[in-house]
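Right, one structure below, let's go through it.
Computed from a predicted model, the values in this text were never measured in an experiment. Just follow the structure's listing: the first ligand is 1, and inside any ligand the first atom is 1. Throughout, residue positions are numbered sequentially from 1 according to the sequence presented.
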Amino acid sequence: MAIDFTTYDDDNIFAKILRGELPNTTVHEDDHVLAFLDIVPAAPVHVLVIPKGRYIAQDDFHREASDAEIIAFWRAVAKICDELDGIEDGHRLIANQGGDSGQVVPHFHLHILAGKPLGPLIAA
Ligand code: 5GP
């Protein structure tokens with residue numbers, strides 16, 4: 001079934017993680033943000049950063065979230081990138097949005113990838 005990117009789905013995997021219904025390996029948590037290891041890492045370091053609020057993708061997050069949520073999100077990203085082991089030689093941030101991007105979880109998330117040369121920006 002196609003993913004609905006217009007209405008927030010409270011049964012999406014990250015909503016379940018936020019409710020504690022599914023386990024995760026947390027690397028950062030604060031009032032507004034959770035960051036955890038990707039279950040299928042695409043690089044030696046692969047962290048997902050998500051807001052705790054109900055946002056589908058970057059567009060509704062940046063349009064509708066409070067300043068406090070947005071600041072907390074990006075400060076958390078910077079803190080994680082400062083402090084994670086294996087990220088000293090650089091990192092890549094990716095936020096997929098919608099079908100063409102390959103987004104599969106309809107809760108806004110930022111991928112932090114690092115730990116090896118990451119190659120071209122997109123596959124040919
Ligand atoms: P997207 O393609 O939506 O940008 O990325 C979704 C990411 O979520 C994928 O990299 C996938 O491996 C990850 N993922 C999917 N299900 C789970 C899960 O249950 N736990 C964790 N930690 N990551 C997941």
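- Across all their heavy atoms, G115 and P44 have their closest contact at O-CG, 3.5 Å.
- Heavy-atom proximity to atom 23 (N) of ligand 1, evaluated over I39, L113, L110, is greatest for I39.
- Counting the atoms of ligand 1 from 1 in the order shown, those under 4.0 Å from a heavy atom of H111 are 1 (P), 4 (O), 5 (O), 7 (C), 10 (O).
- For the pair H91 (side chain) and I87 (backbone), a donor-acceptor distance under 3.5 Å is absent.
- Listed for the E29 side chain is no donor-acceptor partner under 3.5 Å among the backbone atoms of L34.
- Residue L22 places no heavy atom under 4.0 Å from ligand 1.
- Comparing G102, A95, A42, P106 by heavy-atom distance to atom 2 (O) of ligand 1, the nearest is G102.
- Looking at E69 and K52, no side-chain N of the basic residue comes within less than 4.0 Å of a carboxylate O on the acidic one, giving no salt bridge.
- Of all protein heavy atoms, the one closest to atom 19 (O) of ligand 1 is I13 CG2, 3.3 Å.
- E83 has its side chain out of reach of V27: every pair of non-hydrogen atoms, C-beta onward, lies at least 4.5 Å apart.
- When non-hydrogen atoms are compared, ligand 1 lies under 4.0 Å from the side chain of N96 (C-beta onward) but not from its backbone.
- Taking every heavy atom of both residues into account, D85 and V45 meet most closely at O-CG2, 3.6 Å.
- Checking only distances, V105 does come within under 3.5 Å of ligand 1, N or O to N or O.
- Between L37 and ligand 1, a contact under 3.5 Å exists for at least one N or O pair.
- Given atom 10 (O) of ligand 1, the protein heavy atom at minimum distance is D38 OD2, 2.5 Å.
- With a 4.0 Å heavy-atom cut-off, ligand 1 is reached by the side chain of F14 but not by its N, CA, C or O.
- For ligand 1, the polar-atom distance check against F36 finds no nitrogen or oxygen pair separated by under 3.5 Å.
- Residue-to-ligand polar distances place V104 within reach of ligand 1: an N/O pair is separated by less than 3.5 Å.
- Separation of the H107 and H109 ring centroids does not fall under the 6.0 Å cut-off.
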| said: Could you go through L48 and L110, starting from their C-alpha distance and side-chain angles, then the distance that decides it, and tell me whether this counts as side-chain contact (heavy atoms from CB on, under 4.5 Å)? | reply: CA-CA 6 Å; L48 300 169; L110 189 75; over 6 Å; no
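- Polar contact check, H46 against ligand 1: no nitrogen or oxygen pair lies under 3.5 Å apart.
- Annotation for ligand 1: atoms under 4.0 Å from non-hydrogen atoms of H109 are 1 (P), 3 (O), 4 (O), 5 (O), 6 (C).
- The two residues S101 and Q97 make their nearest non-hydrogen contact at OG-N, 2.9 Å.
- For Y55 and F108, the ring centers sit 6.0 Å or farther from each other.
- Note on ligand 1: K16 sits outside its first shell, no heavy atom being nearer than 4.0 Å.
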